[in-house]
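Structure, as structure tokens:
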Number of protein chains: 2
Amino acid sequence: MALEDYPRPSVTVDVIIFTLHDDLQVLLIKRKYPPFAGMWAIPGGFVQEGESLEETALRELEEETGVRDVYLEQLYTFGNPGRDPRGWVITVAYFALVPCTAVDLQAGDDAAEARWFSIHSLPLLAFDHADILPYALQRLRYKLEYSAVGFELLPETFTLTELQTAYETILDETLDKRNFRRKILGAGVIERTGAYRTGEGRPAQLYRFRDDAVAEVKARRLFP
Amino acid sequence: MALEDYPRPSVTVDVIIFTLHDDLQVLLIKRKYPPFAGMWAIPGGFVQEGESLEETALRELEEETGVRDVYLEQLYTFGNPGRDPRGWVITVAYFALVPCTAVDLQAGDDAAEARWFSIHSLPLLAFDHADILPYALQRLRYKLEYSAVGFELLPETFTLTELQTAYETILDETLDKRNFRRKILGAGVIERTGAYRTGEGRPAQLYRFRDDAVAEVKARRLFP
DNA sequence: TTTTGTTTGTGTCATTTATACACCAATTAT
DNA sequence: ATAATTGGTGTATAAATGACACAAACAAAA
């Protein structure tokens, strides 16, 4: 029995794009055409032949935000019947973490508009996207506890207070300053740049993420 | 642009079926037809329209092993171009844990033969299945450390020694008996049945898994 | 029936890890 | 100069982990 003899679904890749702007935010696009015209949705597109799923995700990501070289991770594949009124559509969901800096919003072909939404004030979502989004958030929070993924949302250099604030924003809980610093510094994943960020109070040491530390850290838990 | 205007891939669901028989074992099927005729492969099949991915996985699982009501979890979706010589095929991989008891092997239509293989002596695998399998094993080991998934591989009732042996076999490391017992019992996920297993030496208490403990335990880590 | 062999079941101490908590230092704004 | 603001540091207590050895209960063999 040949491949073509089986009915085939359409396959899309949706990318939940997170960033930090005061709050933890996700990028959504306003649908221009039916179904769900006028509603907000997670950006995504059809997989093309000869393209890997990750390539599809990266392509979507670049189309929507103009960014490349960001953290991208496959989340889950959704294939329940009836999830797309147009027919049989299976969606591979990815989530991406982009730094608040250097994002250039540009609506794709299918979208009327692209906007960041705080995860605390999401609009009604198209398709089954209201199920997918909490899943992505949960995964992000979970990963934050045992990997160094938090840095992906910050610019190249950052202060420890900024890093802690990022963690607190994502986890939606407050952390003890001294314990946070001890753990982060003890993990050896960041290093001083030598520069300082000056501002209102005392200037703060600037740190950068140690790229060579990624692999070894993946196994450990930073915040058990 | 309508759905049908996009080229569509074939989508299959592959299920890595684990069990414990002395060793940790996976069920593989010997392919009857090309491509890779005569080679061993992870059991799987095409998703049918109107069927969820999980239903496909359960169907495959039942076809191969005759079991229902087992632990099943989506693993990862593989879609690299060229992974199937027949054409464009995207595979959603699941992994299942079935108790060593009550498995009735029955080769499916596409298979010449189904066999359990120890994960320490795997044959050459068809497609990209040699990449998928270690991924499943890693996930299983990882999950074992923070959830109560180990019980899924044991019969209804079991002794603490049997449970410890299961953990040791999967993790491929030895554990301290007293520390193991302290942690398992402290987690409150199992309870005594009151019955004993008699055998060579001193009779052992039989335990059962507390079903109502699943949810609350999912969050905690049993073996950090 | 006594002895031997095999498996179960239990507690403590040392070490490590996590948590709670308060003040001085360095700078800018007034 | 003074006040206001943010950055940076250590210690003591509690909890979790890891290492470790022997008596109890039964079956098999003598």
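Each chain gets a letter, A, B and so on, in the order its sequence line appears, and its residues count up from 1.
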Under-3.5 Å N/O pairs linking protein and nucleotides 27-30 of chain C:
from   : atom 1 : to     : atom 2 : distance (Å)
C:dT28 : O4'    : A:E200 : O      : 2.8

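- One distance of note links CG of B:L133 with CD of B:Q138; it measures 12.0 Å at 0.5 Å rounding.
- B:R83 and B:N80 are not linked by any side-chain donor-acceptor pair at a separation below 3.5 angstrom, with hydrogens and angles left out of the test.
- For A:K183 and C:dT16, the NZ to C1' distance is 13 Å, given to the nearest whole Å.
- For A:E63 and A:R59, the salt-bridge test passes: some basic side-chain N is under 4.0 Å from an acidic carboxylate O.
- If you take CG of A:D176 and P of C:dC23, they are 15 Å apart, rounded to a whole angstrom.
- Spacing between atom NZ of A:K177 and atom C1' of C:dC24 amounts to 11 Å, rounded to whole angstrom units.
- Around CD of A:E191, the count of heavy atoms belonging to other residues, nucleotides or ligands within 6.0 Å exceeds 12.
- Between the C1' atom of C:dA18 and the CZ atom of A:F180 lies a distance of 16 Å, rounded to the nearest Å.
- Residues B:Y71 and B:E73 have side chains that bring a donor and an acceptor to within less than 3.5 angstrom of each other.
- Residue-to-nucleotide proximity on DNA chain D shows that, of A:Q205 and A:R182, the 5′-proximal contact is made by A:Q205.
- Comparing atom distances between the B:N179 side chain and each of C:dT8, C:dG11, C:dA20 picks out C:dG11 as nearest.
- The CZ atom of A:R181 sits 13 Å away from the P atom of D:dT6 (whole-angstrom rounding).
- A sub-4.0 Å separation between OP1 or OP2 of D:dG8 and a side-chain N or O of A:R178 is absent.
- A:L185 places its CG atom 8 Å from the P atom of D:dT9, with the value rounded to the nearest Å.
- For A:T161 and D:dG7, the shortest distance from a side-chain N or O to OP1 or OP2 is below 4.0 Å.
- At a cut-off of 3.5 Å, with distance as the only test, no side-chain donor of A:T157 or A:T193 sits close to an acceptor on the other residue.
- Distance CD (B:E145) to P (D:dT17): 12 Å, rounded to an integer number of Å.
- Separating the OH atom of B:Y207 from the C1' atom of C:dG9 is a distance of 9 Å, rounded to the nearest angstrom.
- Remark: of the listed residues B:V70, B:L27, B:V13, B:V70 is the sole one forming a side-chain contact (heavy atoms from CB on, under 4.5 Å) with B:L61.
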